[in-house]
Each structure stands twice: as C-alpha cells, then as structure tokens.
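Below is one structure, written out as structure tokens; the observations come after it.
Read the numbers this way: they start at 1 and go in the same order the structure lists the ligands and their atoms. On a predicted model such as this, the values are computed, not experimentally measured, just so you know.
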Amino acid sequence: MREPPAPSCFMMLPVFYHPLYSSLDLPAGHRFPLQKYQALYHALRSYPVDIRTAQPATLAQLLRVHEPQYVEDLLCGTLPTPILRRIGFPWSHQLIERTLHSVGATIEAARMACQQGCALQISGGYHHAHYAMGSGFCLFNDLVIAAQAMLDEAHCSQVLIIDLDVHQGDGSASLCAGRRDIITLSLHAERNFPSRKCDSHLDVALPDGMDDRGYLETLDEALAVAFRLCSPDLILYQAGVDIHQGDELGYLAISSQGIRLRDRAVLMAAKTRGIPIACVAGGGYRRDWQALIPLHLMLFEEANACFG
Ligand SMILES: [Zn+2]
C-alpha cells in the first residue's frame, strides 16, 4: 500500500505579519484604516497559509535606498514638520517600529518568494516614499528596499515592480529612474494623488470611472509590454484594492470580481513565466474598513490557488 505524502511535502504559502501593523495611536477620525491588518490576520488564520512573524528591516537595508539624513531624522523623530505633514502620521516610536517591521516583512516575503516561488505580506506597498522624503502614509519605500536587498543578496539580477494601487507609485519611480536592475510598472488613476507624478519605466494613466473590462484589457497589454521590456527574475506586486468602485480615495469603478481577476492575471503572468512573486496588500480606504477585508483576501486566495 502506498504511503501518503509526508506533511513536509506540502508547501503552504508564507505570509508575513506583525501585531504592530494595527498598533498605532492615531488622532480620532484619521483616514488610515489601521484595524484592517489585524482583521486580515485573523481571517487568514483559517486559511491554509503559513503565517510568520516579520522581523524589522535593518539600518543597512534602509540606507541602501534612502538618504542617510532622512533615515536618521525619521528614526530619531527630528524630521522637519513640513515633511512629517506630507507623510500624514504623527511621529512616535510606535510608528517607527511598525514601519521597520512592515518593511522587513516585504524583504522577507521577497526572499521567500525567491526560494519557494510565492510569498505575501499583510501590509506594505509604501510606494510614495522618495529618497529623502515620505508622503501619503509612506515613510520608507519597502518595495525598492526589498528589491535592492534581493539584488544585494544575489537572489536575482532584475526585479519588476508591478504597482496596481490606484495611486501612482511616484516614490518607486523616482528611486528607480535610470536603473535597469529594478523596473517599475504603474497602472493608476490619472487624476488621483499624487498630483505631480514621476516617470516610471512604464506608466499607464487610467481615466476616471474605468470599469472591469477596460481595466483588465489594459492590464493585459501593460504586462505584455513590460515582459517585452525586461526579463525579471523577481516580481514585487503592489495589490492595492483602492481601485474598487466603493473606495473613498479611488476614482475607478472596478468591481470585487474585477479585483480578483486582476490579482489572478498578475499571479498567472508570474507563474507561467516561472518568475518568483512577492505580493503586498497596498492601499484600500473606506470608513467601513471591514468592507476592505474580503477585497484584500482575494489576493491570498488567488495566490493559494495559483501557488499553494
Ligand atoms: Zn493607494
């Protein structure tokens, strides 16, 4: 009689998380949906995924991407008020610890993806963070820091950042301008934040009110162009759900099913080409933040169906 496969034969998808993701004292009425991370974690505990505790990013990893003075000011709480205001969070030790763990989680997800094919993290996608300036709830650019760390560790030689958050990945674009080892692709609502965009390697500006059909066709074309432009051996996917028709900060009209099909398209693009992919949850903004949970969960469901 044949033996059943040993449990070690099963590869559960690694998912990185830290309790600090939802631990931050914010002023009443603050826009940032802090609770969604803990709620996502609780929902994912009933999924067949391997939830791991994220370690913080190191100073050396931050300094590979950001200006030393900016890093020091942010870590020490001496950042000039106008720059802090652009970030949108009051400074606190909690904020820094939370950010370091979140950046660390993206790095670890990227590393695990290189080793196992796919990994995810429950927060991340801080694409508005520039070399010496944060913005739009983003302090350090976890995507570029993770890409740089994987290049430094020789896990890969070219990284493609696929940014499908409704907001343009201006920080990633400016950090990677002129580089060939990190390629940036951003599909975003043209009239949305940031008002001053930076040039990604490939930008697709979408009109207000775009629906599923137009979006998914445009995504297919953009992915085809991206894979003609470069031959990445790692993909970092920013899967913001603020493209949803119910999002309070998005201008697009994508349905829940449209988000599922979007995530599936990106994951399958990676899988069919044999390229490791690390996914981060990205943006999603609603006062009724509970409504964000099923939208974000689709990424984990599709990744499990594709790679689990
Ligand atoms: Zn966004």
Are side-chain heavy atoms of Tyr21 and Leu40 found at a separation under 4.5 Å?
no
Taking just the N, O or S atoms of Asp242, which one is nearest to the Zn ion (ligand 1)?
OD2
Output every pair passing ring pair (Phe, Tyr, Trp, His ring centres under 6.0 Å) with a member in residues 256-278, not counting sequence neighbours, ordered by first then second residue.
none
Which residues pass the ring pair (Phe, Tyr, Trp, His ring centres under 6.0 Å) test with His155, sequence neighbours left out?
none
Before moving on, can you tell me the angle at the Zn ion (ligand 1) between the ND1 atom of His167 and the OD1 atom of Asp165, to the nearest 10 degrees?
100°
Using 0.5 Å steps for rounding, measure from the CG atom of Leu202 to the CG atom of Leu185.
5.0 Å
N/O/S atom of His127 under 2.8 Å from the Zn ion (ligand 1), yes or no?
no
